[in-house]
Amino acid sequence: MEDSQKPDLMDKIVSLCKRRGFVFQSSEIYGGLRSAYDYGPMGSELKRNLMSEWWRFMVHSREDVVGIDASIIMRPEVWQSSGHLANFSDPLVDCKVCGERFRADKAPRKAEGEDAPITLGDKGRAKAAQEKLTEAGVKLQRDGSTLNGAKAGAAGYVCPNCGSPFLSDERRFNLMFRTSLGPVDPIGDVVDIVRKAMAEGADDKALRARVEGALAASSVYLRPETAQAMFVQFLNVQQSLSLKVPFGIAQMGKSFRNEVTAEHFIFRSCEFEQMECEYFVPPGEGPKYLDYWMNERMKWWKSIGIKVDNLRFRKHDDDELAHYSDGCYDVEYKFPWGWDELEGIASRTDFDLKAHAAGSGKKLTYFDPEAVDPETGKPGRHYVPHVVEPAAGATRGVLAALCDAYDEEPADAEGKGARTVLRLHPRLSPIKVGVLPLVKKDGMPEVARKVVEAFFGAGVNAKYDEQHAIGRRYARHDEVGTPYCLTVDTQTLQDETVTIRYRDDRRQERIKIADAVDTVRKALTETT
RNA sequence: GCGGGAGUAACUCAGUUGGUAGAGUGUCAGCUUCCCAAGCUGAAUGUCGCGGGUUCGAUUCCCGUCUCCCGCUCCA
């Protein structure tokens, strides 16, 4: 059943998500919006629960990490200093022959004047391309699906798809969402500029540069990661709480990236949710804390019920590492399409704080009165802390939790009892307990409603449910991962007990109504 | 963005060689039912993804567009 079933596992999960109110496509009634998803009643609970678990583990269960919640829009200089404005701008080029769009810096190199044969998928395409080029004044000889006679141009590279040297100019495609802040009208400025430039006969390149300049003046960007705010607010946080290194700043929230491709349902989308922590340590101690956080973070993923066999670390190769990083590991999950990233844990040296210090002209250093200055030998040392960053994807976590919890049980010999069940960790479950009157009469609904009230009062998300036969209600709760169902029956009316039915094995026990809240609450606080 | 596949009821899908659609599941109501999608009776639901074209007539043919899936490309 291993890999042969894997492809439709995603389909089943997507279908369940919609049917049971976990995830809907954004703007669906208008035809849907690419790569944007809405979390429904069950999904929003699940995501919220997952994120609270992260917060509890990272912030509330330790002394040395504090939280912040920064704004999504920040000054453009932040992204200048962080490198996002430069590094997130990939030079993209379109091939005029096959239409391929590719990154100039990753294309096959070819010196100017070198032969550049063009190879299309088949004869027909080659012929069409040949005709198109002839119209454009370029004559090439065709040999099967290959066109010969072209020479590489000044660009220094050719199309990675077909080998053609006929390419558009390089264009920067920024992965950050740009918008403008304030009641300015950048389009008005652009119109003026274009009008003026056209009057002066400026060429495309000059025009582009001018428009770009006009836009840049009023541009702000939606954050492509939550991390930068924690560097920018490093001093405020450290000083306001008198924190001593090592300490961390944690943040959860939305980030935005104009990804070229969205894929695998909610796995990669333009708007996504992150859970990041920047942990500041003395210089030289990055590797040590990298180890430490790898350990901690893996513990956390296991603690929310993700199966050990579906988790692993992947070390980044040297050529994959950012230039400032001296070590990075991904926590990967075995998704239906293969291993993929849930979280990156990186040792980032002092790159970020130094970059913002340089960019802002502010000193972002830490003073440790107890340390000894290595240069003077005197007590007290100023230094720029190094950073270890565990950065997890919350929306990816949700998908991993769903994939991991999804299970189908076959029917028994009599063809009964088949079910789909989400074996979510109870703390992630959207509904903690379903309260069900066995039948809709004899005062059972009234009793059940009282039980629900008790859970409401205790802050446990409970759901009253009387529609349909009892078996169907259990099945429905299995599908959304409700770990416990309490059923009110005739005996309840006599002795104030209910049956508690366990999702995972369908076992039933009788407990007192008076103990119900504590029983469920205890199960929820148990750590695995 | 490129190549391939696909969009029909809430879900899974059938169907119409062009004459405005059907099944199963689910949903709703009633009866029944004391424990795992039971049964009986009845009911609702679709501008056949969206827009345009051809046609007396389009869900069906053509064009455009949006969205999803697979591969490529990209990806803190």
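Within every chain, numbering begins at 1; the chains are lettered A, B, ... in the order of the sequence lines, protein sequences first and strands thereafter.
Side-chain to base pairing of A:D11 with B:C69: no donor and acceptor N or O lie closer than 3.5 Å to each other. Between the side chain of A:R501 and the base of B:C36, a donor-acceptor pair under 3.5 Å is found. No hydrogens or angles were tested; on distance alone, nothing pairs the side chain of A:S15 with the base of B:C11 as donor and acceptor under 3.5 Å.
Going from the P atom of B:G22 to that of B:A43 covers 15 Å, rounded to whole Å. Comparing the same atom, C1', in B:U17 and in B:C61 gives a spacing of 12 Å after rounding to whole Å. Taking the C1' atoms as reference points, B:U20 lies 47 Å from B:C35, given to the whole Å. Straight-line distance between the P atoms of B:C70 and B:U33: roughly 49 Å, to the nearest whole Å. When the C1' atom is compared between B:A44 and B:C63, the two are found 37 Å apart, to the nearest whole Å. Spacing between B:G52 and B:A29 at atom C1', rounded to whole Å, works out to 43 Å. With both ends at atom P, the span from B:A21 to B:C50 equals 15 Å, rounded to whole Å.
Separating the CG atom of A:D505 from the C1' atom of B:C36 is a distance of 13 Å, rounded to the nearest angstrom. To the nearest angstrom, P of B:U67 lies 16 Å from CD1 of A:I29. Rounded to whole Å, atom C1' of B:U32 lies 13 Å from atom CG of A:L438. Atom-to-atom, OH of A:Y474 to C1' of B:U33 comes out at 14 Å; the value is rounded to the nearest Å.
For the pair A:G344 and A:A36, both in contact range of RNA chain B, the more 5′-proximal nearest nucleotide belongs to A:A36.
Within the nucleic acid shown, A:T499 comes within 4.0 Å of at least one base atom, counting heavy atoms only. Residue-level contact check: A:E343 touches neither bases nor backbone, having no heavy atom under 4.0 Å from any strand. Among the atoms of the strands shown, only primed sugar atoms or phosphate atoms (P, OP1, OP2) are found under 4.0 Å from some heavy atom of A:H264. A:F256 comes within 4.0 angstrom of nothing in the nucleic acid, heavy atoms only. When heavy atoms are screened at a 4.0 angstrom cut-off, A:A227 is found touching no nucleic acid atom at all.
Between A:Q25 and B:U67 there is no side-chain N or O to OP1 or OP2 distance below 4.0 Å. Residue A:H468 places at least one side-chain N or O under 4.0 Å from the OP1 or OP2 atom of B:U27. Residue A:Q508 places none of its side-chain N or O atoms closer than 4.0 Å to OP1 or OP2 of B:C36. Listed pair A:K18 / B:A10 fails the phosphate criterion, with no side-chain N or O lying under 4.0 Å from OP1 or OP2. Residue A:R472 places at least one side-chain N or O closer than 4.0 Å to OP1 or OP2 of B:U27.
Checked against B:A38, B:C36, B:U27, the side chain of A:A469 finds its nearest nucleotide in B:A38. Listed candidates were B:C11, B:C69, B:C28. Nearest to the side chain of A:Q467 is B:C28. Side-chain proximity of A:R476 to the nucleotides B:C36, B:C69, B:U27 is greatest for B:U27. Taking the side chain of A:K441 as heavy atoms from C-beta on, and the options B:C35, B:C69, B:U33, the nearest nucleotide is B:U33. The side chain of A:R20 has B:A37 as its nearest neighbour among B:C35, B:U33, B:A37. Comparing B:C36, B:C11, B:C69 by their nearest atom to the side chain of A:R506 picks out B:C36.
A:F272 and A:Q274 make their closest contact through CE1-CG, 3.5 Å (heavy atoms, listed as atom of the first residue, atom of the second, distance).
Among the candidates A:R419, A:K12, A:R423, the single residue satisfying the salt bridge (Lys or Arg N to Asp or Glu O under 4.0 Å) test with A:E408 is A:K12.
When side chains are defined from C-beta on, A:L364 does not count as touching A:V384, because their heavy atoms never get closer than 4.5 Å.
Judged purely by atom type and a 3.5 angstrom limit, A:Q251 uses its side chain to pair as donor or acceptor with the backbone of A:T226.
Looking at A:Y474 and A:T487, their side chains do bring a donor and an acceptor atom within 3.5 Å of each other.
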